[in-house]
Colleague: 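My structure is below; once you've seen it, I'll send some questions.
Being a predicted model, the structure only gives us computed values, none of them experimental.
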Amino acid sequence: AKLATADNADAGILYSVSSNNLTINSGIELHVKSSKTYDPGGTVTTQGSANMHVDDSAVAYLDTATNTIAGDLLVDGGATLNIDTDTTVTGGDITTSGASAVVTKSAGTPTVTLGSTGALGGGTTPTLTFYNLTQNGGTTTVNSDTSVTSTLTVNTGTTVSLASSK
C-alpha cells in the first residue's frame with residue numbers, strides 16, 4: 001500500500017508519486033476498495049476523464065492541498081468521502097449509489113468546484129454536505145438532499161436544478 005515506493009519507470013505502473021502527491025495516468029480510475037480506508041497525505045490528481053470511486057463501506061479523504069478529479073466522484077453505499085480541501089471535479093458529477101453513501105467535510109473550509117454539466121446524489125438516503133460549492137459550467141441536477149453550510153456559487157451561464165422529488 002506504499003504507492004511512492006513503486007517503480008515509476010515501469011510501464012505497468014499507471015501513476016506517479018512525488019512528495020506524497022499522487023497523479024494517476026489518463027483514463028485510469030482511482031478505486032478505493034470496499035471496506036478500506038484511503039488517506040493519501042497529499043494532493044490527488046486524475047487525468048483525462050478518470051474518476052475517483054469509493055467502493056462499498058470504504059472511507060476516503062481528500063484533505064491535503066488542492067485536488068483535481070478529471071472525471072467524476074462516485075461514492076457507493078455505506079462509503080464515506082471526506083472532502084476537506086479545495087477540490088475540482090471536472091467531470092461535474094458527484095454520484096452516490098446504494099444506501100447511506102456520505103460525501104461530507106470533516107474539517108476546514110473547502111470549496112468543491114463542479115467543472116461541467118453533471119449531477120449530485122442518487123441512491124437511497126445519501127448524505128451530501130459541502131462547506132462551499134461552486135458550479136462552473138453547464139447544469140448541475142441535484143438528485144438528493146444536499147447541504148451547503150457556507151456559500152453556493154452558480155457562475156454566469158450555469159444552472160443548478162432540483163430533481164422533481166427535491
Colleague: Which residues satisfy the side chain to side chain donor-acceptor pair (under 3.5 Å) test with Thr109, sequence neighbours excluded?
Modeller: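 Side chain to side chain donor-acceptor pair (under 3.5 Å) list for Thr109, sorted by chain: empty.
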Colleague: The criterion is side-chain contact (heavy atoms from CB on, under 4.5 Å); which residues satisfy it with Asp55, sequence neighbours excluded?
Modeller: His31, Ser34, His53, Asp76
Colleague: For the CG atom of Asp39 and the CG atom of Asp63, what is their distance to the nearest 0.5 Å?
Modeller: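 Reported value, rounded in 0.5 Å steps: 4.5 Å.
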Colleague: Testing Thr151, Asp86, Thr88, Thr111 one by one against Thr134 for a side-chain contact (heavy atoms from CB on, under 4.5 Å), which residue passes?
Modeller: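 Filter result, single survivor: Thr111.
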Colleague: Any pair with a residue in residues 110-133 that passes ring pair (Phe, Tyr, Trp, His ring centres under 6.0 Å), sequence neighbours left out, goes on the list, sorted by first then second residue, please.
Modeller: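 Ring pair (Phe, Tyr, Trp, His ring centres under 6.0 Å) check on residues 110-133 returns no pairs.
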Colleague: In terms of hydrophobic clustering (I, L, V, M, F, W, Y; side-chain heavy atoms under 4.5 Å; direct or indirect links), are Leu114 and Leu74 co-clustered?
Modeller: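 Result: no, two separate clusters.
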Colleague: What pairs of donor and acceptor atoms, side-chain ones from residues 115-126 against any protein atom, are under 3.5 angstrom apart with sequence neighbours left out?
Modeller:
unit_1: Ser116; atom_1: OG; unit_2: Thr90; atom_2: O; d: 3.0
unit_1: Ser116; atom_1: OG; unit_2: Gly91; atom_2: O; d: 2.9
unit_1: Thr117; atom_1: OG1; unit_2: Thr139; atom_2: N; d: 3.2

Colleague: Might you point out which heavy atoms bring Thr80 and Val75 nearest each other, and give the distance in Å?
Modeller: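 Closest approach of Thr80 to Val75: N-CG1, 4.5 Å.
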Colleague: Distance alone, cut at 3.5 Å: any donor-acceptor contact between the side chains of Ser106 and Asp84?
Modeller: yes
Colleague: Enumerate the ring pair (Phe, Tyr, Trp, His ring centres under 6.0 Å) contacts for residues 91-115, please, sequence neighbours excluded, ordered by first and then second residue.
Modeller: none
Colleague: Does Ala60 have any side-chain contact (heavy atoms from CB on, under 4.5 Å) partners at least two apart in sequence or in another chain, and if so, which?
Modeller: Val32, Tyr38, Met52, Val54, Leu81
Colleague: Who else is in the cluster with Val102 when I, L, V, M, F, W and Y are joined by side-chain contacts under 4.5 Å?
Modeller: none
Colleague: Run the side chain to side chain donor-acceptor pair (under 3.5 Å) test against Asn21 and tell me which residues pass, sequence neighbours left out.
Modeller: Thr43
Colleague: Find the distance between CD1 (Ile69) and OG1 (Thr113) and round it off to the nearest 0.5 Å.
Modeller: 12.5 Å
Colleague: Say you draw a straight line from CG of Leu30 to CG of Leu14; how long is it, rounded to the nearest 0.5 Å?
Modeller: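 So the gap between those two atoms works out to 12.0 Å.
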Colleague: Thr85: which residues meet the side chain to side chain donor-acceptor pair (under 3.5 Å) condition with it, sequence neighbours left out?
Modeller: Asn67
Colleague: For Thr46 and Ala50, which heavy atoms make the closest approach, and how far apart are they?
Modeller: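 Minimum heavy-atom separation between Thr46 and Ala50: OG1-O, 2.9 Å.
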Colleague: Quick check for you: to the nearest 0.5 Å, what is the distance between Ile24 atom CD1 and Gln47 atom CD?
Modeller: 9.0 Å
Colleague: Going by the rule side chain to side chain donor-acceptor pair (under 3.5 Å), which residues pair with Thr158 if we only count those two or more places apart in sequence or in a different chain?
Modeller: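 If we apply the side chain to side chain donor-acceptor pair (under 3.5 Å) test to Thr158, skipping adjacent residues, there are no hits.
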Colleague: Quick one: OG1 on Thr23 to CD1 on Ile28, what's the gap to the nearest 0.5 Å?
Modeller: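 So the OG1 of Thr23 and the CD1 of Ile28 are separated by 13.5 Å.
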Colleague: Name all residues meeting the side-chain contact (heavy atoms from CB on, under 4.5 Å) criterion together with Ser49; count only those two or more places apart in sequence or in a different chain, and write none if there are none.
Modeller: none
Colleague: Hey, could you give me the OG1/CG distance between Thr64 and Asn20, rounded to the nearest 0.5 Å?
Modeller: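 One finds 8.0 Å between OG1 of Thr64 and CG of Asn20.
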Colleague: Test side-chain contact (heavy atoms from CB on, under 4.5 Å) on Asn132 and Thr153; report intermediate values, then the result.
Modeller: CA-CA 8 Å; Asn132 295 315; Thr153 303; over 6 Å; no
Colleague: Under the 4.5 Å side-chain heavy-atom rule for ILVMFWY, direct or indirect, which residues accompany Val59?
Modeller: Tyr61
Colleague: Can you see which heavy atom on Asp93 is nearest to which on Asp72, and at what distance?
Modeller: N-OD1, 3.0 Å
Colleague: Between Ile83 and Leu73, does a side-chain contact (heavy atoms from CB on, under 4.5 Å) hold up when you go through it step by step?
Modeller: CA-CA 11 Å; Ile83 304 175; Leu73 286 172; 4.0 Å; yes
